[in-house]
Amino acid sequence: MRFEVTILGNGSASPAPGRHQTAHILNVREQFFMVDCGEGMRARLVRAGVSPLKIGAIFISHIHGDHVYGLMPLVASLGLSGKQTPLKIFGPAELRKLIDFFQHDFGNPVLFDIEFTPVDTTRSQLVYENRSMEVFSVPLRHRTPTTGYVFREKPDTQGHKSRSYAFLSDTLPSPKAARIVSELVPEGVDLMYHESTFADADRRLARETGHSTALQAAKIAGAARARKLLIGHFSSRYKDPSALEAEARTAFAETYVAGEFETFSVPLAKAVSVSPEKD
Ligand SMILES: [Zn+2]
Ligand SMILES: [Zn+2]
């Protein structure tokens, strides 16, 4: 009964050797979800051993190339793979134009349905649910309408703890987003991914481009009472992201570089029952 996130890319818009653009695969009890879809994702899915046909839904944070350039090739390859069931895509409303073009006006239109659901990037709301999990949006502060997502298991009948994952990219540091995450997951989100494009010494650049520094991401993770922080979306100017990890750990000890093809798992555990206090 897995709950795990596999990182397919931890770079930002500019190419850097060995780094690719943002895309995460979330496996919740063998249901697969993709979060953002940067360039070149088909080959990366093959290497990660995930069949694109297994992806039940795709959640897009915003329409900057490094988060959507992989979407259309992925949809095309699903067509070639013989997909027949509908594909669910969630993201800012403007994404519909891109999907409509590809579905109807491109040379080889896809033959399965794409069910696009626009996500209001100004407020937090339930955007998707199935029997075992639910997904909430989290408004972010970037240069274009942007939303994060919180994925949370529903309580099961065996008394297991609900596991959770928050994805926050791209954004200026947002105490409001931290508060929303802490309200959605009061016991503390198990895994939080937060972009850390810059080191804190370059915080002026971060501010100008609508991004966060590693230290700022760490403070947001602390404010949200997250249990573990994954950082990524590194600017190509930093050759070694471990310096960003070290910087974040000064404010949030449980910080880890979201290494490409690394998988971060949350084990299944019994919910802790709080016994009444004795005097
Ligand atoms: Zn980006
Ligand atoms: Zn962006």
Side-chain angles (χ1 to χ4, degrees), residues 1-9 21-38 40-62 67-93 95-96 98-100 102-103 110-120 125-138 147-156 160 162-169 184-185 189-191 193 261 263-266 268:
M1 300 266 262
R2 292 185 218 204
F3 188 100
E4 61 187 31
V5 179
T6 299
I7 309 300
L8 297 186
Q21 298 177 344
T22 304
H24 294 187
I25 294 290
L26 177 66
N27 175 351
V28 182
R29 303 179 178 222
E30 301 310 308
Q31 306 169 83
F32 290 81
F33 304 94
M34 183 172 238
V35 194
D36 276 348
C37 191
M41 278 314 130
R42 285 182 302 174
R44 305 184 70 67
L45 279 171
V46 171
R47 186 170 153 196
V50 177
S51 161
L53 288 169
K54 281 191 180 170
I55 296 171
I58 299 175
F59 295 85
I60 298 293
S61 64
H62 67 298
H67 299 258
V68 295
Y69 280 152
L71 188 57
M72 294 312 150
L74 182 64
V75 169
S77 73
L78 282 169
L80 291 174
S81 308
K83 182 174 175 64
Q84 287 172 340
T85 53
L87 175 68
K88 292 180 168 51
I89 300 179
F90 299 81
L95 191 59
R96 187 188 294 278
L98 194 66
I99 292 169
D100 278 352
F102 199 74
Q103 202 170 10
V110 294
L111 297 177
F112 55 88
D113 283 337
I114 299 178
E115 293 173 359
F116 175 65
T117 306
V119 175
D120 182 346
Q125 62 187 129
L126 179 69
V127 293
Y128 172 83
E129 68 178 321
N130 63 25
R131 225 154 31 106
S132 57
M133 65 170 292
E134 48 200 0
V135 184
F136 297 86
S137 59
V138 181
T147 184
Y149 297 98
V150 168
F151 300 80
R152 191 176 74 183
E153 282 181 308
K154 289 179 177 175
D156 66 14
H160 290 119
S162 295
R163 295 170 291 183
S164 52
Y165 170 57
F167 176 91
L168 304 180
S169 176
L184 289 171
V185 194
V189 69
D190 292 299
L191 292 174
Y193 168 82
F261 294 108
T263 295
F264 297 86
S265 302
V266 183
L268 193 63

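Because the structure is a prediction, the values reported are computed rather than measured.
For the pair Thr6 and Val50, the minimum side-chain heavy-atom distance is 4.5 Å or more. Counting only heavy atoms from C-beta outward, the side chains of Leu45 and Leu74 approach each other to under 4.5 Å. Considering only heavy atoms from C-beta on, Val35 comes within 4.5 Å of Phe151 through its side chain. Counting heavy atoms from C-beta on, the side chains of Phe3 and Leu268 never come closer than 4.5 Å. Within the 4.5 Å cutoff, no side-chain heavy atoms of Leu78 are placed close to those of Ile55.
Separating the CE atom in Met34 from the CG atom in Asp36 is a distance of 9.0 Å, to the nearest 0.5 Å. In this structure, the separation between CD1 on Ile25 and NZ on Lys54 is 10.5 Å, given to the nearest 0.5 Å. Note that CD1 of Ile7 is 8.0 Å distant from OG1 of Thr263, once rounded to the nearest 0.5 Å. Summarising the geometry, atom CZ belonging to Phe33 is positioned 4.5 Å from atom OH belonging to Tyr128; distances are rounded to the nearest 0.5 Å. Separation of atoms OH (Tyr69) and OG1 (Thr22) is listed at 13.0 Å; rounding is to 0.5 Å. If you take SG on Cys37 and CD on Gln21, they are separated by 10.0 Å, rounding to the nearest 0.5 Å.
Judged as a side-chain contact (heavy atoms from CB on, under 4.5 Å), and not counting sequence neighbours, the contacts of Thr117 are Phe90. In this structure Glu115 satisfies the side-chain contact (heavy atoms from CB on, under 4.5 Å) test together with Pro86, Lys88, sequence neighbours excluded. Not a single side-chain hydrogen bond (donor to acceptor under 3.5 Å, both in side chains) links Asp113 to another residue, sequence neighbours left out. Applying the side-chain contact (heavy atoms from CB on, under 4.5 Å) rule to Leu126 yields the partners Glu129, Glu134, Phe136; only residues at least two apart in sequence or on another chain are considered. The ring pair (Phe, Tyr, Trp, His ring centres under 6.0 Å) check on Tyr149 picks up Phe59, with sequence neighbours excluded. When the salt bridge (charged side-chain N to carboxylate O under 4.0 Å, His left out) test is applied to Arg42, no partner is found at least two apart in sequence or on another chain. By the salt bridge (charged side-chain N to carboxylate O under 4.0 Å, His left out) test, Asp100 is found to be paired with no residue, residues two or more places apart in sequence or in another chain being considered. For Ile99, the side-chain contact (heavy atoms from CB on, under 4.5 Å) partners at least two apart in sequence or on another chain are Met72, Ile89, Leu95, Gln103, Ile114, Phe116. In terms of the side-chain hydrogen bond (donor to acceptor under 3.5 Å, both in side chains) criterion, residue partners of Tyr165 (sequence neighbours excluded) are, by chain and number, His24. Under the ring pair (Phe, Tyr, Trp, His ring centres under 6.0 Å) criterion, Phe102 pairs with Phe106, sequence neighbours left out. Annotation: side-chain hydrogen bond (donor to acceptor under 3.5 Å, both in side chains) contacts of Ser77 (sequence neighbours excluded): none.
Within the structure, salt bridge (Lys or Arg N to Asp or Glu O under 4.0 Å) pairs that include any residue of residues 25-35 comprise Arg2-Glu30, Arg29-Glu153, Arg29-Asp156 (at least two apart or interchain).
Between Pro155 and Ser162, the shortest heavy-atom contact is N-OG, 3.6 Å.
Put simply, the side chain of Ser61 gets close to the backbone of Ser169: a donor and an acceptor are under 3.5 Å apart. Side chain of Ser51 to backbone of Leu53: a donor-acceptor contact under 3.5 angstrom is found. Ser164 places a side-chain N or O within 3.5 Å of a backbone atom of Asp190 that can act as its donor or acceptor partner. When atom types are taken as modelled, the side chain of Ser137 and the backbone of Gln125 share a donor-acceptor pair closer than 3.5 angstrom. Lys154 places a side-chain N or O within donor-acceptor distance of the main-chain N or O of Asn130, the cut-off being under 3.5 Å.
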Check step by step if side chain to side chain contact (heavy atoms under 4.5 Å, CB included) holds for Met1 and Arg163. CA-CA 11 Å; Met1 300 266 262; Arg163 295 170 291 183; 4.2 Å; yes
Stepwise side chain to side chain contact (heavy atoms under 4.5 Å, CB included) check, Leu184 with Val189: CA-CA 9 Å; Leu184 289 171; Val189 69; over 6 Å; no
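Results of the side-chain contact (heavy atoms from CB on, under 4.5 Å) test with Leu168 over Val138, Thr147, Val150 single out Val138 as the only residue that passes.
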